[in-house]
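Since the structure comes first, as structure tokens, the remarks are kept for the end.
In what follows, every heavy atom counts, from backbone to side chain, and hydrogens, waters and symmetry copies are set aside. Read the numbers this way: they start at 1 and go in the same order the structure lists the ligands and their atoms.
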Amino acid sequence: MAKVKSIFYCQNCGNSSPKWMGKCNSCGEWNSYVEEKTSGKKQKSSTDFLEKAEIVKLDDVKVTDFPRFSTASQEFDRVVGGGIVPGSVILIGGEPGIGKSTLLLQISLRFDREILYISGEESATQIKLRADRITDKSSNCSIYSETNLQSILQKCRETKPALVIIDSIQTIVSEHIESYAGSISQVRECAGEIIHFAKTTATPVILIGHINKEGSIAGPKVLEHMVDTVLQFEGDRNHVYRILRSSKNRFGSAQELGIFEMVSGGLKEVKNPNEVLINKERSHLSGVCIGASIEGNHPFLIEIQALVSSAVYGTPQRSSTGFDLRRLNMLLAVLEKRCGFKLGAKDVFLNIAGGLKIDDPAMDLAVVCSVLSSSEDIPLDTEMVLAAEIGLSGELRPVTQLQKRIEEAEKLGFNCILVSKHALKGIDVASHKIEIKAFHSVVEVFEDLFG
Ligand code: TYD
Ligand code: MG
């Protein structure tokens with residue numbers, strides 16, 4: 001009988017300790033240590049198969065181009081770097097209910113080769129019901145509702161599918177480990193064995209992993225360094241748009257991003273996000289303006305709405321959806337100090353349209369202008385786009401990839417873009433149809449727009 005050992009793992013960061021600890025030394029989380037029992041016998045690790053490798057001169061290594069294969073989803077292919085690389089392991093993380101199962105089931109249904117969808121969460125009937133909601137049909141997808149890792153890997157070896165999908169890694173249990181499903185050591189062990197399977201058989205595997213807002217469950221965080229590609233599926237469950245973003249990719253750019261829309265028939269790819277995100281029928285309302293932001297490598301024009309009103313209570317409210325509240329407070333302080341606006345006694349509400357979250361500093365000017373427009377109750381020109389960061393002294397600072405932002409605004413038919421004077425180096429103003437207006441500071445912009 002192998003000896004059973006007890007190890008305590010931090011469920012937040014995966015740090016281990018032979019003793020229970022109140023506070024994790026590694027991540028500082030309180031009360032996150034949980035006892036997990038392991039049998040003392042040696043466990044296979046995902047890197048075992050590498051041990052037999054020989055030392056070779058780098059010059060002698062032959063470069064073979066990865067024959068990637070494409071899924072029927074163009075957005076998904078682009079995010080993973082142009083198709084799935086054989087033997088690669090992709091982890092898709094996201095909050096429960098965001099649509100991970102839907103996305104992968106949809107890929108399975110459209111895939112033109114044999115695919116094995118392993119579900120530890122739903123029965124075959126439930127998956128069939130979901131598949132019926134999605135209109136795509138295919139006979140290449142097989143379902144296996146199982147949580148035992150050894151049975152799963154055996155079935156994979158027998159049936160030799162072209163792609164394996166595991167939904168989700170938190171429900172899979174390996175016989176080699178005694179702790180419960182979803183615990184750090186179980187998740188790590190299962191992922192290790194799956195990676196070993198993927199690398200030795202050149203079968204690509206997609207793993208689904210749940211995370212919650214606090215990231216406190218034994219989540220995909222510990223797996224991120226083990227897998228080849230990490231994708232995040234994010235969005236607001238109450239809105240229809242979902243963003244698939246790559247945060248690590250050994251076989252492509254980690255800057256890619258794809259946008260989907262959740263409709264009654266599953267997830268629909270959004271090919272031209274800007275035309276969907278911006279309301280074309282904008283009436284001349286105050287407090288609304290368009291900022292040119294960059295997400296990954298893609299320019300997005302985003303509508304920002306602000307409402308400024310007299311505070312009813314003693315302490316004015318500041319509320320922001322989709323934009324960092326601390327940044328909003330800083331921008332309001334700059335307006336107060338540098339431009340002389342008395343916003344201290346006003347409630348300020350800010351909203352980014354479409355349920356998106358933006359942390360591009362280039363949105364600063366758009367935020368400030370929508371606040372000023374609402375405060376002064378003067379609507380802004382609906383054909384104008386803004387792209388500049390604001391410094392603490394109220395100066396406009398240059399932003400990255402301005403050329404792309406200008407081109408996107410031009411493509412979508414806007415007449416004018418407001419930028420920082422320092423950003424014009426290397427930009428041929430005369431060659432653009434769109435008018436490029438450059439300013440030094442917020443005060444200058446204010447005089448131009450409202451003066
Ligand atoms: P799901 O894929 O189960 O989420 P996850 O696997 O990330 O937990 O997504 C569930 C949500 O998607 C659910 O709230 C309903 C919605 N949905 C649609 O709006 N349309 C559809 O066609 C499907 C299948 C799901
Ligand atoms: Mg699911």
> For atom 1 (P) of ligand 1, what's the nearest protein heavy atom and its distance?
Replying inline: R130 NH1, 3.4 Å
>> I want to know if ligand 1 touches G99 in the polar sense, i.e. an N/O pair below 3.5 angstrom.
In response: yes
> Could K411 and E408 be called an ion pair, given the rule that one side-chain N must be under 4.0 Å from one carboxylate O?
Replying inline: yes
> Can E234 and K357 be counted as an ion pair, charged N to O under 4.0 angstrom?
Replying inline: no
> What atoms of ligand 1 come within less than 4.0 Å of a heavy atom belonging to G266?
Replying inline: 20 (N), 21 (C), 22 (O)
> Between the side chains of Q154 and E158, does any donor sit under 3.5 Å from an acceptor?
Replying inline: yes
>> Using 2.8 Å as the threshold, say whether any N, O or S atom from S101 sits that close to the Mg ion (ligand 2).
In response: yes
> To which protein heavy atom is atom 2 (O) of ligand 1 closest, and what is the distance rounded to 0.1 Å?
Replying inline: T102 OG1, 2.6 Å
> Which is closest to atom 21 (C) of ligand 1 by heavy-atom distance: R133, E261, Q126, K268?
Replying inline: R133
> Protein heavy-atom contact under 4.0 Å for atom 18 (C) of ligand 1?
Replying inline: yes
>> Is it true that, when you exclude K404 itself, more than 12 heavy atoms of the residues, nucleotides or ligands shown sit nearer than 6.0 Å to its NZ?
In response: yes
>> Is it the case that the side chains of D377 and S286 hold a donor-acceptor pair, with the cut-off being a distance below 3.5 Å and no angle test?
In response: yes
> Quick one: nearest non-hydrogen protein atom to atom 16 (C) of ligand 1, plus distance?
Replying inline: M262 CE, 3.8 Å
> Tell me, which protein residue and heavy-atom name are nearest atom 6 (O) of ligand 1, and how many Å apart are they?
Replying inline: S101 OG, 2.6 Å
> Within the side chain of E269, is there an N or O that forms a donor-acceptor pair under 3.5 Å with the backbone of Q74?
Replying inline: yes
>> Suppose we measure from atom 20 (N) of ligand 1 to each protein heavy atom; which comes out shortest, and what is that distance?
In response: V263 O, 2.9 Å
>> Looking at R318 and R326, would you say the former's side chain and the latter's main chain have a donor-acceptor pair under 3.5 Å?
In response: no
> Measuring from the heavy atoms of P96, does anything fall under 4.0 Å of ligand 1?
Replying inline: yes
> Nearest protein heavy atom to atom 11 (C) of ligand 1, by residue and atom, and its distance?
Replying inline: G97 O, 3.7 Å
>> Between K433 and E410, does any side-chain N to carboxylate O distance fall below 4.0 Å?
In response: no
